[in-house]
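Side chains included, hydrogens not; waters and symmetry mates left out as well; all remaining heavy atoms used.
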Amino acid sequence: NRDSPYHQRNRRGKIAMPLPAHALCPRIDSSAFFLAIMVQFEEEKQQRKLDLLHRKEEEESVKILSQKYKISYVNLLVTPIETDALKILSEDKARTGNLAIFKMAGAQLKIAVQNPQKTETAAALKRLETDGYTYELFLVSIHSLLHAWEIYKMVPENREVIGGSIHVSNEKINAFQ
C-alpha cells in the first residue's frame, strides 16, 4: 500500500524511501538504542575475555601444582580423548571419583585427576587396579574434567554381541509376526 505511513513522499508526491523505524515511533531515540546495544555487546565481549583469562590462569596454576607434586600435567581441552577409554569407567563413577580415563593402550590407562589424594579418587583408582589395569596419573583443571565428562554423551552404548550373532528379543519377534 503506497499510502501507508511507512513510506514518505518527496516534494513531487512520489514515494521515496521507507521511513526508518525511529521515525514511526518518535519516543525511541535510535542513537540511544544503538548505543545500548553496543554497550551490551562490549560487556559480553569483555566477559568472554575475562572468562578466557580465568581459564588460562587456572591451567597455569594446575601446571605449577603438577610440577610441585611431580605428576604430569595435561589440558584435556586440547588433548584428544578416546571414547573407548571412557567406556572403562561409567560417567557416574568418573564424576564421583573426580577423574577421567582419556587414553588406553591394552591394560595401561592414562587417567586425568584433579586431586589424586581425594578419598573418592583413590577408591576409583583402587577398583581399576583390582580389575587388572595399570595407570599413569595426570593432573588437570576442573574445566578439563568437565570437558571430558561432556564427551560421555558421545560414547555409544554397549550392545551385547554373542559370536557374531544378533540378539533379538521375543517381544520384537512377536511384534514382527
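For the side-chain hydrogen bond (donor to acceptor under 3.5 Å, both in side chains) test with Asp51, the passing option among Arg55, Gln47, Arg48 is Gln47; the others fail. Residue Leu139 is tested with Asn115, Ile71, Val74 for a side-chain contact (heavy atoms from CB on, under 4.5 Å); the sole match is Ile71.
In this structure, Leu89 CG and Asp131 CG are separated by 9.0 Å, a value rounded to the nearest 0.5 Å. The CD atom of Glu91 sits 10.0 Å away from the OG1 atom of Thr96 when rounded to the nearest 0.5 Å. Distance check, rounded to the nearest 0.5 Å: CE of Met104 to OG1 of Thr83 gives 9.0 Å. The structure places CD of Gln114 at 10.5 Å from CG of Leu65, a figure rounded to the nearest 0.5 Å.
The nearest pair of heavy atoms linking Leu86 to Tyr152 is O-OH, 3.2 Å. Taking every heavy atom of both residues into account, Ala85 and Phe102 meet most closely at CB-C, 3.9 Å. Contact between Ala124 and Leu99 at its shortest, heavy atoms only, is CB-CD2, 3.7 Å. For the pair Ala148 and Leu76, the tightest heavy-atom approach, listed with the atom from each and the gap, is CB-CD1, 3.9 Å. Here the closest non-hydrogen pair linking Lys103 and Glu82 is NZ-OE2, 3.3 Å. What you find for Ile151 and Ile81 is that their closest heavy atoms are CD1-CD1, 3.5 Å.
Side-chain contact between Glu57 and Glu60: absent, with no pair of heavy atoms (C-beta onward) separated by less than 4.5 Å. Contact of the Ile111 side chain with the Glu136 side chain is not registered, since no non-hydrogen atoms from C-beta on lie closer than 4.5 Å. At least one side-chain heavy atom of Leu137 sits less than 4.5 Å from a side-chain heavy atom of Leu125. The closest side-chain heavy-atom distance from Thr134 to Leu128 is not below 4.5 Å.
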With side chain to side chain contact (heavy atoms under 4.5 Å, CB included) as the test, would you mind laying out the steps for Lys153 and Glu150 before giving the verdict?
CA-CA 6 Å; Lys153 294 176 183 171; Glu150 281 296 311; 3.0 Å; yes
Test side chain to side chain donor-acceptor pair (under 3.5 Å) on Glu129 and Tyr135; report intermediate values, then the result.
CA-CA 8 Å; Glu129 286 177 4; Tyr135 55 82; 2.8 Å; yes
Could you go through the side chain to side chain contact (heavy atoms under 4.5 Å, CB included) check for Ile142 and Glu58 one step at a time?
CA-CA 9 Å; Ile142 189 64; Glu58 180 185 17; 3.0 Å; yes
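Residues passing the salt bridge (charged side-chain N to carboxylate O under 4.0 Å, His left out) test with Lys49: none are found, sequence neighbours excluded.
For Ser66 (side chain) and Lys63 (main-chain N/O), a donor-acceptor pair under 3.5 Å exists by modelled atom type. One N or O on the side chain of Thr79 and one on the backbone of Asn75 form a donor-acceptor pair closer than 3.5 Å. When atom types are taken as modelled, the side chain of Thr121 and the backbone of Gly97 share a donor-acceptor pair closer than 3.5 angstrom.
A donor-acceptor pair shorter than 3.5 Å can be found between the side chains of Ser141 and Glu59.
A continuous path of Ile, Leu, Val, Met, Phe, Trp and Tyr side chains, each step under 4.5 Å between heavy atoms, connects Ile101 with Leu146, placing both in one hydrophobic cluster. In the hydrophobic clustering of ILVMFWY residues, with side-chain heavy atoms under 4.5 Å counting as a link, Leu145 and Met154 come out together. There is no path of hydrophobic side-chain contacts, each under 4.5 Å, that joins Leu77 to Val113.
No more than 12 heavy atoms of other residues, nucleotides or ligands lie within 6.0 Å of CD in Gln117, so this atom counts as exposed by the packing criterion. Counting non-hydrogen atoms of other residues, nucleotides and ligands closer than 6.0 Å to CD of Gln108 gives a total above 12.
Sorted pairs that involve residues 46-74 and meet ring pair (Phe, Tyr, Trp, His ring centres under 6.0 Å), not counting sequence neighbours, are lacking altogether.
A salt bridge links Asp84 with Lys87: the closest approach of a Lys/Arg side-chain nitrogen to an acidic carboxylate oxygen falls below 4.0 angstrom.
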